[in-house]
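Encoded as structure tokens, the structure appears first; notes follow it.
Because the structure is predicted, anything quoted here is derived from the model rather than measured. Positions are given from 1, in the same order as the sequence printed here.
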Amino acid sequence: MTLINSINQDIKKAKLIGICLVVAGILCLLAPFAVGLSITWIVGIFLLVGGIAQLIAVFLARSFRDNLMPSILGAIAFIVGCYLTFSPASSLGVLTLILAGYFLVTGAMEAIWAFSARPATGWGWLFFSGVITFILGLMIWMQFPLSGVWAVGTLVGVHLILSGWIFFAIAGSVQQA
């Protein structure tokens with residue numbers, strides 16, 4: 001009986017995680033600008049701390065000539081981290097443009113990849129994914145700077161909702177088995 005109870009507890013936990021992710025996703029969709037600013041600020045803090053740590057490591061190594069590249073990379077991380085941390089609103093716009101470019105390139109590459117895999121089963125789904133991704137990138141790009149207000153937070157919210165549904169669906173399928 002303990003194995004069955006353990007499985008039932010895991011199913012309940014998975015469903016609870018799924019519900020929490022869906023709720024978090026809905027909250028993100030209700031305040032996408034705040035979520036985008038928060039993500040920008042957190043990434044900035046991580047880069048700032050990482051840049052400082054890298055510069056300290058180079059300083060402690062006492063060999064600047066051998067550590068020129070890590071010094072430059074540490075300085076870049078520090079500068080970008082400062083920019084993201086201390087002006088998250090303008091940084092959010094930059095992140096949005098990077099995201100749009102990423103979706104445009106990824107979508108185009110997926111569509112090309114789909115045609116090269118055309119005789120294989122499922123190539124149409126890959127092509128469909130590429131087209132949708134490209135269109136999403138185009139939408140974000142063409143709506144900029146307005147998309148800077150909604151894109152990052154909305155995409156995080158949608159991702160959380162989908163992840164939550166996946167947790168819930170997997171738990172349900174395990175429960176039925």
Side-chain angles (χ1 to χ4, degrees), residues 14-55 72-118 122-172:
K15 285 183 177 182
L16 181 63
I17 290 170
I19 291 168
C20 290
L21 287 171
V22 169
V23 169
I26 291 169
L27 292 174
C28 287
L29 292 179
L30 293 174
F33 183 65
V35 172
L37 287 178
S38 300
I39 290 169
T40 302
W41 187 76
I42 290 169
V43 169
I45 293 292
F46 285 149
L47 284 172
L48 185 65
V49 170
I52 291 170
Q54 195 165 359
L55 290 171
I72 293 170
L73 293 174
I76 290 170
F78 177 78
I79 292 166
V80 171
C82 284
Y83 177 69
L84 292 173
T85 302
F86 298 113
S87 53
S90 61
S91 302
L92 183 56
V94 173
L95 285 178
T96 302
L97 288 176
I98 291 170
L99 187 65
Y102 170 76
F103 283 151
L104 287 168
V105 171
T106 302
M109 296 299 289
E110 280 182 358
I112 292 167
W113 181 23
F115 279 112
S116 70
R118 193 167 49 196
W123 76 271
W125 287 110
L126 183 60
F127 180 73
F128 179 72
S129 172
V131 168
I132 296 299
T133 303
F134 185 83
I135 290 171
L136 180 60
L138 197 59
M139 284 173 42
I140 293 170
W141 187 273
M142 295 196 55
Q143 290 185 3
F144 190 80
L146 180 62
S147 61
V149 174
W150 63 264
V152 174
T154 300
L155 292 172
V156 168
V158 169
H159 174 71
L160 288 173
I161 290 170
L162 291 175
S163 296
W165 277 113
I166 289 169
F167 260 88
F168 207 77
I170 290 172

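- Between the side chain of Ser116 and the backbone N or O of Trp113, at least one donor-acceptor pair lies under 3.5 Å.
- In this structure Trp123 satisfies the ring pair (Phe, Tyr, Trp, His ring centres under 6.0 Å) test together with Phe115, sequence neighbours excluded.
- Of the residues Ile166, Val156, Leu29, Val23, the one that meets the side-chain contact (heavy atoms from CB on, under 4.5 Å) test with Ile161 is Leu29.
- Within the model, atoms CG of Leu99 and CG of Leu155 stand 5.5 Å from one another, a figure rounded to the nearest 0.5 Å.
- Considering only residues two or more places apart in sequence or on other chains, Leu95 meets the side chain to side chain contact (heavy atoms under 4.5 Å, CB included) condition with Thr40.
- Atom CH2 of Trp150 has more than 12 heavy atoms from other residues, nucleotides or ligands within 6.0 Å.
- For Phe103, the CZ atom is densely surrounded, since the number of other residues' heavy atoms within 6.0 Å is greater than 12.
- The two residues Ser147 and Ile140 make their nearest non-hydrogen contact at OG-O, 2.8 Å.
- Nearest heavy-atom pair across Phe144 and Gly93 is CE1-O, 3.3 Å.
- For the pair Leu48 and Cys82, the minimum side-chain heavy-atom distance is below 4.5 Å.
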Worked check of side-chain contact (heavy atoms from CB on, under 4.5 Å) between Phe86 and Ser91: CA-CA 9 Å; Phe86 298 113; Ser91 302; over 6 Å; no

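- The shortest heavy-atom contact between Ala14 and Ala171 is CB-CB, 3.8 Å.
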side-chain contact (heavy atoms from CB on, under 4.5 Å) evaluation trace for Leu92 with Trp41: CA-CA 9 Å; Leu92 183 56; Trp41 187 76; over 6 Å; no

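- Nearest heavy atoms, Ala77 versus Gly51: CB-CA, 3.8 Å.
- Rounding to the nearest 0.5 angstrom, the gap separating the CG atom in Leu162 from the CG atom in Leu21 is 10.5 Å.
- Summarising the geometry, atom CD1 belonging to Ile135 is positioned 12.0 Å from atom CE belonging to Met142; distances are rounded to the nearest 0.5 Å.
- In this structure, CG on Leu30 lies 10.0 Å from OG1 on Thr154, to the nearest 0.5 angstrom.
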Worked verdict on Val22 versus Phe168 for side-chain contact (heavy atoms from CB on, under 4.5 Å): CA-CA 10 Å; Val22 169; Phe168 207 77; over 6 Å; no

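- Between Thr96 and Ala151, the closest heavy-atom pair is CG2-CB, 4.0 Å.
- Note that CZ of Arg118 and CG of Leu126 are 13.0 Å apart. Values are rounded to the nearest 0.5 Å.
- Thr133 contributes atom OG1, which lies 4.5 Å from atom CD of Glu110 (distance to the nearest 0.5 angstrom).
- Judged by distance alone, the side chain of Thr85 and the main-chain N or O of Ile45 form a donor-acceptor pair under 3.5 Å.
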